[in-house]
S.K.: 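Pasting in a structure now, in structure tokens, and then I'll have a few things to ask.
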Amino acid sequence: MNKREFYEAEAVKNNWNVREMERQINSLLYERLLLSNDKKAVLEVAKEERMPEKPTDIIKVPMVLEFLGFKNKPKYRESEFESTLIEYLEKFMLELGNVFTPK
């Protein structure tokens, strides 16, 4: 099912008006569902059956970090993310060579 078909099906199933459809599209419901480990909770929040209680209940702006090589785990520590990102940036800067180093 593609993005358009998803929103069409959800609009019919949930009786969304135009304003609600735009809200769901602008909140990236489709993308959040694709990235979520708990699809049921994301749909409940989207349908307003329950309000999000904490930031982890819903992701507003998903980050694409495949280039860091993280495995698909539900949680990461900030220190893991930070050290991996620094290592990646160091490697990247070394690959660039002297192009960006001041003389």
S.K.: Dump the intermediate steps for side chain to side chain contact (heavy atoms under 4.5 Å, CB included) on Leu96 and Phe92, then the final yes or no.
M.R.: CA-CA 6 Å; Leu96 291 175; Phe92 178 72; 3.6 Å; yes
S.K.: If we ignore hydrogens and angles and just use 3.5 Å, is the side chain of Thr84 paired with the main-chain N or O of Phe81 as donor and acceptor?
M.R.: no
S.K.: Does a salt bridge link Lys13 with Glu10, judged by any charged N lying under 4.0 Å from a carboxylate O?
M.R.: yes
S.K.: How many angstroms lie between atom CD of Glu31 and atom CZ of Phe6, to the nearest 0.5 angstrom?
M.R.: 9.0 Å
S.K.: Within this structure, what is the CD1-NZ distance for the pair Ile86 and Lys91, rounded to the nearest 0.5 Å?
M.R.: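 Reported to 0.5 Å precision, the distance equals 16.0 Å.
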S.K.: Measure across Tyr30 and Asn2 and return the closest heavy-atom pair with its distance rounded to 0.1 Å.
M.R.: OH-C, 3.8 Å
S.K.: Tell me the closest heavy-atom pair linking Leu29 and Tyr7, and the distance in Å.
M.R.: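 Where Leu29 meets Tyr7 most closely, the heavy atoms are N-OH, 3.4 Å.
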